[in-house]
Protein chains: 2
Amino acid sequence: MATPDDVDRIIEQWRRERPELDLAAMATFGRLGRLFAHLGRAVDETFTRFDLQRGEYDVLAALRRSGAPFVLTPSALSDVLMLSRAGMTNRLDRLEAAGLVERRANRSDRRSMLIALTETGATLTDEVTTLHVANESALLSDLTPDERHHLDTITRKLLSRFE
Amino acid sequence: MATPDDVDRIIEQWRRERPELDLAAMATFGRLGRLFAHLGRAVDETFTRFDLQRGEYDVLAALRRSGAPFVLTPSALSDVLMLSRAGMTNRLDRLEAAGLVERRANRSDRRSMLIALTETGATLTDEVTTLHVANESALLSDLTPDERHHLDTITRKLLSRFE
DNA sequence: ATCGAATAATACGGCGTCGAACTATATGCC
DNA sequence: GGCATATAGTTCGACGCCGTATTATTCGAT
């Protein structure tokens, strides 16, 4: 048995107070939630070094990986990043002010805009991404190859219910 | 090989644009992030039915599982819920206004307060918790016993670096 | 015993997000 | 062809959280 952690202590409290409940799933959710909080902070350190927020990087990354000419509509960005349209408008305002993206007219649909990475934005994105993926790899480096494979299988299975 | 999902498509884009990067960890993080977003929404449905927010429930739950007389200090709550002191003051204001907790003087340290579940708060918490754990169990019901065990082992291992 | 440092909770200002309302443009049906 | 409906993006107001400053109280070293 592994050494008890914070979640074990929480579950033990619940078991004492509400012994009739099935708490296995609560333990899993508790670990996932806390893990997500910690990993989020660790990941953000990379972005902070470049005066970026995670959400801003997510926009730059979506544009960059879409390939040349690095152009997407705000709606497409909203959908892929699971962010409201209003929130996307706000992010794009910031990125545009920072000179990392620019808004262009969409000649085929005048309701729409096209968001394009600037030269500066593309260069920055490549630089940040290199460090970001290295950081992510390091954060998972404690896991064995089998464990990584299991984690991917499980998250893929759970995700399939939603996407 | 499992059917490709949204994250597979994202990784495939990166592979085309930046073939020199090791993207395995990015795929894992991508699935974890999206999964967390979806699970969060699914979990919140239970709380919304009781006019609660997840963060508010977290406070009630921490008090409830601490056992009778269901009393903790704001600082203890901040620590266990990984929330700033300012954020906790705000949550407690709302919970107090809703009549679910009450602030009491701490006779042994006059800098401090004691937060106590009210009778109403304790009853509500028990009711919500019953449904909440059932919902969490249902959300993991696609996983085999082996997969659940793997998930717990992996998250426990990753968490140990932080806690 | 006293004074400086640490701690508890709160107040304040700012930030990022959301939902709803709004404007402009496009689509589809009769 | 014209009009209702849908869609794209933005604006607005509200909300929850954070970091910092503030006030009150306690702890600790001398």
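Throughout, a chain's letter reflects where its sequence line sits, starting with A, and its residues are numbered from 1. Excluded from the calculations below are hydrogen atoms, water molecules and symmetry mates; all remaining heavy atoms, backbone and side chain alike, are included.
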Checklist outcome for this item: Which of B:Leu63, B:Leu114, B:Ile115 passes side chain to side chain contact (heavy atoms under 4.5 Å, CB included) with B:Leu72? It is B:Leu63

Checklist outcome for this item: Sorted by position of nearest nucleotide on DNA chain D, 5' first, the leading residue of B:Ser108 and B:Met88 is B:Met88

Checklist entry - Does some side-chain heavy atom of B:Phe29 sit less than 4.5 Å from a side-chain heavy atom of A:Leu139? => result yes

Checklist entry - With distance as the sole criterion, do the side chain of A:Arg110 and the base of C:dT25 form a donor-acceptor contact below 3.5 Å? => result no

Checklist entry - Counting distance only, does the side-chain N/O of A:Arg31 pair as donor-acceptor with the main-chain N or O of B:Asp152 below 3.5 Å? => result no

Checklist entry - Does a nitrogen or oxygen in the side chain of B:Ser112 sit under 4.0 Å from OP1 or OP2 of C:dA9? => result yes

Item to check | Side chains of A:Glu147 and A:Leu151 in contact at under 4.5 Å (non-hydrogen atoms) | outcome: no

Checklist entry - Closer to the 5' end of DNA chain C via nearest nucleotide, is it A:Arg111 or A:Gly55? => result A:Gly55

Item to check | d(CZ, A:Phe47; P, C:dC15) in whole Å | outcome: 21 Å

Next on the checklist: Under 4.0 Å from OP1 or OP2 of C:dG16: is there any side-chain N or O of A:Arg91 that close?
Outcome noted: no

Checklist entry - Counting side-chain heavy atoms from CB outward, which of C:dA11, C:dC18, C:dA9 is closest to B:Ala86? => result C:dA11

Next on the checklist: Without decimals, in angstroms, what is the distance between B:Arg103 CZ and C:dA8 P?
Outcome noted: 16 Å

Checklist entry - Within the structure shown, what part of the strands sits under 4.0 Å from A:Arg54 by heavy-atom distance: base, sugar-phosphate, or nothing? => result nothing

Checklist entry - Roughly how many Å is it from CG in B:Asp44 to P in C:dC18, rounded to a whole number? => result 13 Å

Item to check | Residue-phosphate contact under 4.0 Å: A:Arg94 side-chain N/O, C:dG16 OP1/OP2 | outcome: yes

Checklist entry - Relative to the 5' end of DNA chain C, which residue comes earlier, A:Arg107 or A:Arg85, by the nucleotide with the nearest heavy atom? => result A:Arg85

Next on the checklist: Taking A:Pro145's backbone N and O only, do any of them form a donor-acceptor pair with A:His149's side chain (distance below 3.5 Å, no angle check)?
Outcome noted: no

Next on the checklist: Once you apply a heavy-atom cut-off of 4.0 Å, does B:Asp109 come out as touching a base, just sugar-phosphate, or nothing?
Outcome noted: sugar-phosphate

Next on the checklist: Using the rule side chain to side chain contact (heavy atoms under 4.5 Å, CB included), only one of B:Val101, B:Leu81, B:Leu77 pairs with B:Arg91; which is it?
Outcome noted: B:Leu81

Next on the checklist: Keeping B:Ser141 on the side-chain end and B:Ala138 on the backbone end, is there a donor-acceptor pair under 3.5 Å?
Outcome noted: yes

Item to check | Opening and closing nucleotides of DNA chain D in contact with chain B, under 4.0 Å to non-hydrogen atoms | outcome: D:dG16 to D:dT26

Item to check | Atom-pair distance (CE on B:Met113; C1' on C:dT7), nearest Å | outcome: 14 Å

Checklist entry - In whole angstroms, how far is the P atom of C:dG16 from the CG atom of A:Leu81? => result 16 Å

Next on the checklist: What is the distance, to the nearest angstrom, from the CG atom on B:Asn90 to the P atom on C:dA9?
Outcome noted: 16 Å

Next on the checklist: Whole angstroms only, please: what is the CG-C1' distance between A:Asn106 and C:dA26?
Outcome noted: 12 Å

